[in-house]
2 protein chains.
Amino acid sequence: MTSIVSISEIAFLIGDPARTNMLFCLQTSEMASAADLTRAAGVAPSTASEHLAKLTQAGLITATQMGRHRYFALASPQVAELLDGMDALASKLAPNGPPSLRNDQAALHARTCGDHLAGHIGVALTQSLLANGHIRQNGNTLTLSRSGRALLHDLDVPLDPLTQSPRRLLSLCHDWSEDAFHLGGGLGGALLQTFLARDWMRRPKGRTFVDITPKGRTILRKAFGINANAPASG
Amino acid sequence: MTSIVSISEIAFLIGDPARTNMLFCLQTSEMASAADLTRAAGVAPSTASEHLAKLTQAGLITATQMGRHRYFALASPQVAELLDGMDALASKLAPNGPPSLRNDQAALHARTCGDHLAGHIGVALTQSLLANGHIRQNGNTLTLSRSGRALLHDLDVPLDPLTQSPRRLLSLCHDWSEDAFHLGGGLGGALLQTFLARDWMRRPKGRTFVDITPKGRTILRKAFGINANAPASG
DNA sequence: ATCACATTTCGGCTATGACCGAAACATGAC
DNA sequence: GTCATGTTTCGGTCATAGCCGAAATGTGAT
């Protein structure tokens, strides 16, 4: 039952590339489905399932069934801290190695966090929605306003399937790179999905960030007042 | 040459029991020969040698030849911190597992973190040094004041070798058990070394904490105003 | 009930890493 | 020089984890 006995077992679990990818995907997302993580890991669903089972059994991640999906999350902030520490050490040991997520400008600019947008753009989008009253925040509860519904209608974001889903429609998720919050939940997912479908953004295969197309830039500016130019390079 | 590429490689290296034993041996001993570590790992010398080569090449530990021995040490305080974090997580995940550092009163009271003091006493010592102006904190930089130098002189802590070493003299290191900071760096190491040499503290063989002798209690109270009684047992 | 989709279980293949013992290579002691 | 000691390299064995595809399970939609 109780499974983790030693430090080496934890390290062993983290020490597989597929699992590392999953964990780092979860680090930036409050929740991700098994399918999301399968994509993140770059392995077959069956293989991903095995990895997830191990991580869950060890207590590094938690799983909650929602409908026919299973959503995973890091089990505790300590796990995130540990991953963070490893990331820091890794980039210290290999300063000329591949850019880690933490130092990757593209990723910091428009990361994906599970199935929704994060990073600079994710936060800006969220703040725009709040500032314009499309989403209202009362204490811990978030509501979609009438104007918000109208906006989503204009953008052709299908809302009905979301409200029927057991998944929370709106939730804020802490963004480590911006030290702010970005929109998660069903709507966060639907927005990114729409952006990708309309070719406003593109996700490089297997990466955890998106590139914003010129068309996307225009939309972001018009609809949300966001200047989505590439991260400052000068 | 440059070897570590990713987080999973670091975790992979730590994720082998033999190597974990070696690393944790180094965490408490600052220097150990290949033979020591072979014993710690519980494998054949040839096998141990392979492990040490990998750890060294990855930059997790450093090796220095001395005579016909080779002495190893953790490459940086960050490595020690990482091991500490893993230990903390491991004991959290296996609360009914073998008694871990985290639940060990003696350890929480006066842990060692790498080569320096941590836990309740480590934090108290650090706060005393700061409160009395022996160490001054300006933003992120720490400086040893004139009174601090005098104190170290009184305690017969050799300072010259430290200032010449490439290692940072002063650094604060987050203490998970106290949720505060304790003194690391070269001075942190030198202090503990002095305490042990003067028999103010004793480290049980192979453990990662120290016991404070009556003599040590007196010194801590006089020099630092610290009440170093055993942890509250009632 | 039937279908579609998300996830898990199973069987089997393959690669790799941990391990040891024997031998080689140092280095210091004599 | 020879010897003993500490450490590394080499050759070969063995166990196991990762991987996949196919089939099974379970859940929600129709």
Side-chain angles (χ1 to χ4, degrees), chain A residues 3-4 6 8-23 25-26 31-58 60-73 114-115 158 160-167 186 189 193 206, chain B residues 3 5-6 8-23 25-26 31-58 61-73:
Chain A
S3 32
I4 284 281
S6 71
S8 47
E9 289 179 43
I10 294 180
F12 178 81
L13 285 171
I14 305 178
D16 176 80
R19 286 191 293 256
T20 309
N21 285 332
M22 290 173 160
L23 288 169
C25 178
L26 286 174
M31 290 211 137
S33 71
D36 293 333
L37 295 169
T38 297
R39 219 173 0 86
V43 295
S46 54
T47 306
S49 178
E50 288 170 6
H51 286 309
L52 289 170
K54 286 177 192 173
L55 290 171
T56 307
Q57 203 208 341
L60 287 175
I61 66 177
T62 59
T64 57
Q65 196 85 27
M66 284 175 90
R68 54 179 154 182
H69 295 261
R70 238 179 125 195
Y71 287 94
F72 296 87
D115 66 344
D160 284 357
L162 294 178
T163 53
Q164 285 158 24
S165 147
R167 183 177 178 190
Q193 210 176 320
Chain B
S3 31
V5 187
S6 71
S8 48
E9 290 179 43
I10 294 180
F12 178 81
L13 285 171
I14 306 178
D16 175 82
R19 286 191 292 257
T20 309
N21 285 332
M22 289 172 161
L23 289 169
C25 178
L26 286 174
M31 284 216 138
S33 70
D36 293 334
L37 295 169
T38 296
R39 231 179 339 95
V43 295
S46 54
T47 307
S49 178
E50 288 170 7
H51 286 311
L52 289 170
K54 286 177 192 173
L55 290 172
T56 308
Q57 204 210 340
I61 65 177
T62 60
T64 56
Q65 196 83 29
M66 286 176 83
R68 55 180 154 182
H69 295 260
R70 241 180 122 196
Y71 286 94
F72 296 87

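We use all heavy atoms of the structure for the numbers below, so side chains are in, but hydrogens, waters and symmetry mates are not. The chains referred to below are lettered A, B, ... by the order of the sequence lines, with proteins before strands, and numbering in each begins at 1.
Judged by distance alone, the side chain of B:Thr56 and the main-chain N or O of B:Ala63 form no donor-acceptor pair under 3.5 Å. A:Asn21 contributes no side-chain N or O that, together with a main-chain N or O of A:Ala18, makes up a donor-acceptor pair within less than 3.5 Å. Under the 3.5 Å distance criterion, the side-chain polar atoms of B:Arg19 are matched with a main-chain donor or acceptor of B:Leu13. A donor-acceptor pair under 3.5 Å is absent between the side-chain atoms of A:Thr47 and the main chain of A:Val43, judged by distance alone. Counting only distance, with no hydrogens or angles, the side chain of A:Thr38 and the backbone of A:Ala48 share no donor-acceptor pair below 3.5 Å.
Per the geometry, CG belonging to B:Leu52 stands 17 Å off P belonging to C:dG17, to the nearest Å. Atoms CG (B:Leu13) and P (C:dA18) sit 9 Å apart, rounded to a whole Å. Atom OH in A:Tyr71 sits about 10 Å away from atom C1' in C:dA6, given to the nearest Å. For the pair B:Gln65 CD and C:dC25 P, the computed distance is 17 Å after rounding to whole Å. Taking atom CG of A:Asn21 as the reference point, atom P of D:dC19 lies 10 Å away to the nearest angstrom. Counting to the nearest Å, the P atom of C:dT8 and the CG atom of A:Leu37 are 10 Å from each other. Between the C1' atom of D:dA17 and the CD atom of A:Gln57 lies a distance of 15 Å, rounded to the nearest Å.
In terms of phosphate contacts, B:Thr47 brings no side-chain nitrogen or oxygen within less than 4.0 Å of OP1 or OP2 of C:dC19. Neither OP1 nor OP2 of C:dG17 sits under 4.0 Å from any side-chain N or O of B:Lys54.
At a threshold of 4.0 angstrom between heavy atoms, the contacts of A:Thr38 with the nucleic acid are absent. Residue contacts for B:Phe12: at a heavy-atom cut-off of 4.0 Å it reaches the sugar-phosphate backbone alone, with no base atom in range.
Candidate nucleotides D:dC19, D:dT9, C:dA18 were compared by shortest atom distance to the side chain of A:Glu50, and D:dC19 ranks first. Proximity note for B:His69 (side chain, C-beta onward) versus C:dG21, D:dG6, D:dC20: the nearest is D:dG6. The side chain of A:Arg70 lies closest to C:dT7, out of D:dA22, C:dT7, D:dT7. Checking C:dC10, C:dT7, D:dG18 against every side-chain atom of A:His51, the shortest atom distance belongs to D:dG18. When distances are taken from the side chain of B:Ser49 to each of D:dC10, C:dT8, D:dT8, the shortest belongs to D:dT8.
Residue order along DNA chain C, read from the 5' end via each residue's closest nucleotide, puts A:Ala53 first among A:Ala53 and B:Val43. Of the residues near DNA chain D, A:Arg19 and A:Ser46, the one whose nearest nucleotide (by heavy atom distance) lies more toward the 5' end is A:Arg19.
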